[in-house]
Amino acid sequence: MSSSAPPAPFVATRPGSIALLTFMVALGQMSLGLYLPSLPSLAHAIGATRAEAQLTLTVFLGGFAVSQLFWGPLADRFGRRITLLIGLVVYAAAGLACAQADTIHELIVFRFFQALGACSGQVVARAMVRDSTEGAATAVVMSYIAMSMSLAPAITPALGGFLETHFGWRANFIALGAIGATLFVLTLARVPETLSNRVVDALSPIRVVRNYGILLSDRTYVCYIVTVGGIFGAYMAYTTATPFVLMEMLGWSPQAFGFLILFNVVAFLSSSILAGRLAPIYGPRRMARIGTAIGLVAGLAMIAAPLTGHLSTPAVIGPAMLLLVGMAFAIPNAMAGAMQNFPYIAGSASAFLGFSQMAQAMIASFAVGAIGGNIHLTMAGATLACTVASLTAALLLPRPSPSPAANQVSSPPS
């Protein structure tokens, strides 16, 4: 057996391994979706304002953004297994601490650490797939993970609404802590080290800064990451505000809120299938432009309701469904376009792409909470602003051609 072969106990293509990897990658989504139905009630329970409650989501996005820049190099330097175990300990402990929080300030701090731990699952699990598979097998495993993860936005708000209705808001964080603890035990019991050769200078500041400098000097890369972050930021602006719009303003129960989110999931899944068929025909650049144009239409439709004084469930859910259609077209293709010129610093390109996406989402989420006033109008305004930024970046994309930055990394760095 060659030294590059994965350890025998861990085979990424097995159903059990795929399920385990999927849960790890989906930790971030679960940590956002499960407690969304509890946002209004937890604010009332611990005497927080709506803006302070929304900060628990914003801070999570910020922690997830920043930690993407560090978990990858840590996993390259010290190994996948130990890095993942540390991250899962942080995640489980932070989830249980959130459940015990007595003040909004404690909850905000614990949510930040929960984000740090959640991010380790996403970064390291994907690296383990790369370590343990090659070529078509990698694509198959990642496609299974992607399909399974598409269920997370559907299941977690509905489950969170059930837990909120019957056990209160703290039950959601107990559930998240239990998931983290379970994944820790499973990792400890059956996941070996998958990294064959550790990168001793993975944490070198000079290497990190040089790689990020190459990325940010490339116009195509910058336009693509703004395209991704802009339309994802629009979705997070909607996500931050919609619990208050649907439950406080429109009177839906937490459990009903969870089921209303299913409309968004249906829109995203169906349009993802269509986008997958159209992508080989139109390519990343045109698909990103089509998706962001759809996103702008969604933003305009969303702001029309509060500007005309109309508030209804279809006026909130309908534009959101259209926004999800735009995301399905734009985000996968923009991510592919961003990565295509950097084969030998793919790790850095992926990490900074993820950081940028979550950082822009954090800004959008923070703006919704900070502006205040009519939450419906604030949500719609932030969504529209983000879709404008995303479409502008997509329109500024140059025609595909080798760039100077791409030429610099077309062979392994010396």
Side-chain angles (χ1 to χ4, degrees), residues 25-29 60-76 115-116 118-127 129-130 138-139 142 145-146 149 202 207-236 275 279 283-285 287-289 291-292 295 326-365 386 389-394 396-398 400 403 405-406 408-409:
V25 174
L27 279 177
Q29 284 191 352
F60 185 92
L61 294 172
F64 206 94
V66 172
S67 56
Q68 291 202 51
L69 300 177
F70 299 101
W71 283 118
L74 284 171
D76 288 341
L116 298 186
C119 189
S120 72
Q122 180 178 103
V123 172
V124 179
R126 286 175 174 166
V129 174
R130 186 176 64 245
T138 302
M142 291 306 297
I145 291 175
M149 277 187 64
R207 175 174 178 169
V208 171
V209 170
R210 182 191 65 185
N211 288 346
Y212 290 151
I214 291 172
L215 295 170
L216 293 176
S217 67
D218 185 86
R219 174 183 165 186
T220 298
Y221 182 82
V222 171
C223 286
Y224 272 128
I225 65 174
V226 175
T227 297
V228 171
I231 198 163
F232 187 72
Y235 176 67
M236 290 313 303
R285 182 169 173 262
M287 288 293 290
R289 289 180 168 183
T292 53
M327 284 178 58
F329 276 66
I331 288 183
N333 288 282
M335 285 183 169
M339 297 289 294
Q340 63 188 357
N341 286 338
F342 304 100
Y344 290 100
I345 54 170
S348 296
S350 177
F352 197 85
L353 171 60
F355 163 77
S356 174
Q357 177 183 356
M358 300 305 288
Q360 291 176 79
M362 180 195 69
I363 293 171
S365 175
C386 289
S390 185
L391 177 59
T392 300
L396 290 174
L397 281 166
S403 66
Q408 292 179 41
V409 293

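Side chains included, hydrogens not; waters and symmetry mates left out as well; all remaining heavy atoms used. Residue indices begin at 1 and follow the sequence shown.
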Query raised in the report: Quick one: side-chain contact (heavy atoms from CB on, under 4.5 Å) partners of V124, sequence neighbours excluded?
Result: A75, R80, T83, L84, M128
Report summary line: Between A328 and A275 the two heavy atoms that sit nearest each other are O-CB, 3.7 Å
Report task. List for me each residue that meets ring pair (Phe, Tyr, Trp, His ring centres under 6.0 Å) alongside Y221, sequence neighbours excluded, and say none if there are none. Result -> F342
Requested in this report: Return the minimal non-hydrogen interatomic distance between L397 and T220, and the atom names on each side.
Outcome: CD2-O, 3.7 Å
Report task. With sequence neighbours left out, write down each residue that passes side-chain hydrogen bond (donor to acceptor under 3.5 Å, both in side chains) with S120, or none if nothing qualifies. Result -> none
**Report entry** Q360: partners by side-chain hydrogen bond (donor to acceptor under 3.5 Å, both in side chains), with sequence neighbours left out
**Finding:** S356
Query - Minimum heavy-atom distance A125-V25, with the two atoms named - result: CB-CG2, 3.6 Å
Query - Check: G337 main-chain N/O paired with R285 side-chain donor or acceptor under 3.5 Å - result: no
Report summary line: dist Y235:OH -> S365:OG (nearest 0.5 Å) comes out at 12.5 Å
Query - A118 versus F60, closest heavy-atom pair with distance - result: CB-CZ, 4.1 Å
Query raised in the report: Does the side chain of Q68 come within less than 4.5 Å of Q357's, by heavy atoms?
Result: no
Requested in this report: For W71 and L116, indicate whether the former's side chain and the latter's backbone hold a donor-acceptor pair under 3.5 Å.
Outcome: yes
Query raised in the report: Quick one: ring pair (Phe, Tyr, Trp, His ring centres under 6.0 Å) partners of F355, sequence neighbours excluded?
Result: F352
Report summary line: side-chain contact (heavy atoms from CB on, under 4.5 Å) filter on T292, not counting sequence neighbours, yields T227, A330, S390, L391, A394
**Report entry** Over all atoms of both residues, closest heavy-atom pair of A389 and V226
**Finding:** O-CG1, 4.2 Å
**Report entry** Interatomic spacing from CE in M236 to CE in M358 - rounded to 0.5 Å
**Finding:** 6.5 Å
Query - Nearest-0.5 Å distance, OH of residue Y224 to CZ of residue R219 - result: 11.5 Å
Query raised in the report: Which pair of heavy atoms, one from C386 and one from G233, lies closest together, and at what distance?
Result: SG-C, 3.8 Å
Requested in this report: Working to the nearest 0.5 Å, report the span between CZ of R289 and CG of L396.
Outcome: 8.5 Å
